[in-house]
Amino acid sequence: MPELPEVETTLRGISPALKGQRIKAMVVRNPSLRWPIPPEVQQAVGQTVLGLQRRAKYILIDLGKGGLLSHLGMSGSMRICHADDVPKKHDHFDIVLESGQCVRYHDPRRFGALLWWDPPAHGHPLLKGLGPEPLQADFSGEYLWKRSRGLKLAVKNYIMSGKIVVGVGNIYASEALYMSGIHPGRPAGRISQARYETLAQTIRDVLARAIERGGTTLRDFQNSSGEPGYFAQELLVYEREGLACFQCKAPIRRKVIGQRSSYYCPRCQR
DNA sequence: CCGGACTCCTGGGTGC
DNA sequence: TGCACCCAGGAGTCCG
């Protein structure tokens, strides 16, 4: 489910409730996420939340002497509720605060994660080797172009690889490539620097706009208040197979690239 | 060092 | 209704 805009939306939603609060309890109802929730997360109890940040699609909660690291996987969401609200099916853990509120993690498919990190956070194995953040200055068309020389990999897989740039998932990769006029299956090494400049810009644009709309809700994404995101109505190609391209009216195609559905216009994208 | 296939899991939709 | 099958927003791991 969640790509960068949905994780950012979640982070912004839970931050006010968490910041400066002391953690009263860590309630784990089902530890069977992608990796078992380790006992070390209990170190959070009694600690005060100093801050939160996002790195790629990971949420980092800073508790001073380390902290929590969570990933939403394909179907995860976090919601602010009261600690005594009755948990629903797939509500796997709670971060209970002294305020009486709690952050409740919901994840039907259980591809998400809750782990503990010891300082420095960027030394965590999952965060090492990640590429630049697409909304920061070290991400550019020149960078994309330089790193792609000689690669035969499809450009869609290239921009979805966290080693190159983080946070671009299946929806926004399709959208940015459409906006750039680049065919998703084109070998990454056979795209000019000028076209990569366009692609870097469209990646930034689509992510920024999606954050403004609170993310994309296709099926079940919810923000920390239980509301959907509104970017789905602005999608230009994703899940529009057979419908007319907004630019040229040709039918949008779906093709599996790297085991994932890719949507593109066969006329506008080369 | 690639790059591609496989894997973890539940639920919703479709077609018979 | 039931059932088989396909598909889904991620990404680490393994293998050639």
Side-chain angles (χ1 to χ4, degrees), chain A residues 1-11 29-37 54-59 69-78 88-92 105-115 124-131 134 147-177 184-190 203 206-207 210-211 213-223 228-242 254-263:
Chain A
M1 144 220 282
E3 300 184 35
L4 187 151
E6 293 73 36
V7 178
E8 184 66 27
T9 297
T10 300
L11 180 81
R29 285 181 212 86
N30 183 357
S32 306
L33 299 187
R34 178 163 193 180
W35 300 280
I37 297 176
R54 179 187 58 71
R55 173 70 177 114
K57 296 171 193 165
Y58 295 95
I59 289 173
L69 178 159
S70 185
H71 195 289
L72 302 177
M74 290 277 268
S75 58
S77 60
M78 291 185 184
K88 297 194 181 77
K89 194 178 182 183
H90 307 306
D91 284 346
H92 302 313
Y105 179 85
H106 180 86
D107 186 4
R109 294 177 74 180
R110 290 191 277 118
F111 289 169
L114 177 67
L115 299 169
H124 192 281
L126 290 172
L127 305 182
K128 270 197 213 165
L130 289 177
R147 288 211 55 181
S148 63
R149 292 309 86 192
L151 296 183
K152 293 177 183 167
L153 181 72
V155 63
K156 176 158 177 277
N157 295 342
Y158 175 67
I159 59 172
M160 285 179 67
S161 161
K163 282 182 281 189
I164 302 301
V165 57
V166 300
V168 182
N170 206 35
I171 297 178
Y172 301 112
S174 278
E175 292 295 307
L177 288 165
R186 174 169 283 274
R190 299 207 43 225
I203 288 172
V206 75
L207 293 176
I211 291 170
R213 301 288 184 275
T216 298
T217 298
L218 290 177
R219 289 162 195 90
D220 52 12
F221 173 70
Q222 294 192 339
N223 67 19
Y230 296 103
F231 194 67
Q233 56 207 72
E234 295 181 36
L235 294 175
L236 301 175
V237 280
Y238 196 80
E239 288 198 335
R240 294 196 69 247
E241 183 181 16
R254 181 178 82 100
K255 187 183 178 191
V256 175
I257 298 174
Q259 289 91 244
R260 315 295 298 274
S261 285
S262 304
Y263 298 85

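Chain naming here is simple, since letters A, B, ... match the order of the sequence lines and numbering starts at 1 in each. Just the heavy atoms: all of them, side chains too, but no hydrogens, waters or symmetry mates, feed the values below.
Under the side-chain hydrogen bond (donor to acceptor under 3.5 Å, both in side chains) criterion, A:Lys57 pairs with no residue at all, not counting sequence neighbours. Evaluation of the side-chain hydrogen bond (donor to acceptor under 3.5 Å, both in side chains) rule for A:Asp91 yields A:His106 as partners, not counting sequence neighbours. Under the ring-ring contact (aromatic ring centres under 6.0 Å, His included) criterion, A:Tyr158 pairs with no residue at all, not counting sequence neighbours.
Counting atom types as modelled, A:Arg109 pairs a side-chain N or O with a base atom of C:dA8 as donor and acceptor under 3.5 Å. A donor N or O paired with an acceptor N or O is not found under 3.5 Å between the base of B:dC9 and the side-chain atoms of A:Arg110. In the interface, the side chain of A:Arg219 is not paired with the base of B:dG11 through any donor and acceptor atom under 3.5 Å apart.
Applying the 4.0 Å criterion to OP1 and OP2 of B:dG11, one finds that A:His90 has a side-chain N or O inside that range. At least one side-chain nitrogen or oxygen of A:Lys89 sits closer than 4.0 Å to the OP1 or OP2 atom of B:dG11.
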When Watson-Crick pairs (N1 to N3 and N6-O4 or O6-N4) and G-U wobble pairs (N1-O2 and O6-N3) count only below 3.5 Å on both distances, what is the dot-bracket string of DNA chain C, with | for other-strand pairs? .|||||||.|||||||
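Of the possible donor and acceptor atoms, none in the side chain of A:Arg190 sits under 3.5 Å from a partner among the backbone N and O of A:Arg186. Remark: the backbone N or O of A:Tyr238 is not paired with any side-chain donor or acceptor of A:Ser174 at under 3.5 angstrom. Remark: the backbone N or O of A:Glu3 is paired with a side-chain donor or acceptor of A:Glu6 at under 3.5 angstrom.
Between the CG atom of A:Asp107 and the C1' atom of C:dG9 there is a distance of 12 Å, given to the nearest Å. One interatomic measurement links the two molecules: CG of A:Leu4 to P of C:dG10, which rounds to 11 Å at whole-angstrom precision. Remark: P of C:dA8 and CD of A:Glu239 are 8 Å apart, rounded to the nearest angstrom. The nearest whole Å value for the distance from the NZ atom in A:Lys57 to the P atom in C:dG9 is 10 Å. Atom CE in A:Met74 sits roughly 14 Å away from atom P in C:dG12 (whole-Å rounding). With rounding to whole Å, A:Trp35 atom CH2 is found 6 Å from C:dG12 atom P. Residue A:Asp220 contributes atom CG, which lies 14 Å from atom P of C:dA8 at whole-angstrom precision. As a whole-Å value, the separation of A:Leu130 CG from C:dG12 C1' is 12 Å.
Each of A:Leu69, A:Leu11, A:Leu115 was scored for a side chain to side chain contact (heavy atoms under 4.5 Å, CB included) with A:Tyr58, with one residue passing: A:Leu69.
At a threshold of 4.5 Å between non-hydrogen side-chain atoms, the residues A:Ser77 and A:Leu72 do not count as touching. Between A:Leu114 and A:His92, the closest side-chain pair of non-hydrogen atoms is not below 4.5 Å.
Considering CG of A:Leu177 and OG of A:Ser262, their distance stands at 8.5 Å, rounded to 0.5 Å. Summarising the geometry, atom CD belonging to A:Gln259 is positioned 8.0 Å from atom CG belonging to A:Asn157; distances are rounded to the nearest 0.5 Å. Taking CZ from A:Arg29 and OH from A:Tyr105, the interatomic distance works out to 13.0 Å, rounded to the nearest 0.5 Å. In this structure, CG in A:Leu4 is found 3.5 Å from CZ in A:Arg54, a value given to the nearest 0.5 Å.
As rounded to the nearest Å, B:dC6 and C:dC6 have P atoms that lie 14 Å from one another.
Contact annotation for A:Tyr172: no contact, since no heavy-atom pair falls under 4.0 Å across all strands. Across all strands, A:Ser261 comes closer than 4.0 Å only to sugar-phosphate atoms, never to a base (heavy-atom distances). Contact annotation for A:Lys163: no contact, since no heavy-atom pair falls under 4.0 Å across all strands. A:Tyr58 comes within contact range of the sugar-phosphate backbone alone, with a heavy-atom separation under 4.0 Å but no base atom that close.
The nucleotide whose nearest atom lies closest to any side-chain atom of A:Pro108 is, among B:dG11, C:dG9, C:dG12, B:dG11.
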Between the protein and nucleotides 4-7 of chain B, list the N/O to N/O atom pairs that are separated by less than 3.5 angstrom.
residue: B:dA5; atom: OP2; partner: A:Gln259; partner atom: OE1; Å: 2.6
residue: B:dA5; atom: N7; partner: A:Gln259; partner atom: NE2; Å: 3.3

Return the polar atom pairs (N/O with N/O) between nucleotides 12-15 of chain B and the protein under 3.5 Å, or none.
none

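Stacking of A:Phe111 onto the six-membered ring of B:dC8 is present: less than 5.5 angstrom between centres, less than 30° between planes.
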